Amino acid sequence: MVEMKLAKCRVRSWREGDAHLLATHANNRRVWINLRDRFPHSFTIVHARTFIQAALAGAPETRFAIDVDEAAVGGRLIETFLD
């Protein structure tokens, strides 16, 4: 598990329990209009679980949740460059 504490949030590994909030946020029009090429619409709980499982399976881990007050409110892809 990865965790980085910042002033107003944390960047951390996704958790299985984040699926409900991920689906909720991904279905907010203000969010999905910017992600329409990356996320299906509507974004179901099954989509959320599949996304989280894939994020956790990555080696190295490159997809992280942005957490505010113990709730995943977004995500971030951190690209790595490997030889």
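The shown structure was predicted, so the numbers you read here are calculated from the model rather than taken from an experiment.
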Exercise. Quick one: does Glu16's side chain get under 4.5 Å of Ile52's, heavy atoms only?
Worked result: yes
Exercise. What is the distance from atom OG1 of Thr62 to atom CD1 of Ile78, rounded to the nearest 0.5 Å?
Worked result: 8.5 Å
Seminar exercise, completed: Smallest heavy-atom separation, Val68 atom then Cys9 atom, equals CG2-CB, 3.8 Å
Seminar exercise, completed: Minimal heavy-atom distance between Ala65 and Ala72, with the atoms involved, is CB-CB, 4.3 Å
Exercise. Considering residues at least two apart in sequence or located in another chain, which fulfil the side-chain contact (heavy atoms from CB on, under 4.5 Å) criterion with Arg30?
Worked result: Asn28
Seminar exercise, completed: Contacts satisfying salt bridge (Lys or Arg N to Asp or Glu O under 4.0 Å) that involve residues 18-29 (not counting sequence neighbours) are Arg12-Asp18
Exercise. Honestly curious: do Val2 and Met4 fall in one hydrophobic cluster under the side-chain, below-4.5 Å linking rule?
Worked result: yes
For this session: Please tell me if the side chains of Leu6 and Lys8 come closer than 4.5 Å, counting only heavy atoms from C-beta onward.
Result: no
Problem set entry | Thr44: partners by side-chain contact (heavy atoms from CB on, under 4.5 Å), with sequence neighbours left out | Ser42, Val46, His47
Exercise. Of all residues at least two apart in sequence or in a different chain, which pass the side-chain contact (heavy atoms from CB on, under 4.5 Å) check with Ala55?
Worked result: Trp14, Arg63
For this session: May I ask whether Leu21 and Val31 are part of the same hydrophobic cluster, defined by side-chain heavy atoms of I, L, V, M, F, W, Y residues being less than 4.5 angstrom apart, directly or through others?
Result: no
Problem set entry | Side chain to side chain, Glu61 and Ser13, heavy atoms closer than 4.5 Å | yes
Problem set entry | Closest heavy-atom pair and its distance - Phe43, Asn27 | O-ND2, 2.6 Å
Problem set entry | Partners meeting side-chain contact (heavy atoms from CB on, under 4.5 Å) with Asp69 (sequence neighbours left out) | none
Problem set entry | Thr24: side-chain hydrogen bond (donor to acceptor under 3.5 Å, both in side chains) partners, not counting sequence neighbours | none
Exercise. With sequence neighbours excluded, what pairs up with Glu70 under the salt bridge (charged side-chain N to carboxylate O under 4.0 Å, His left out) test?
Worked result: Arg10
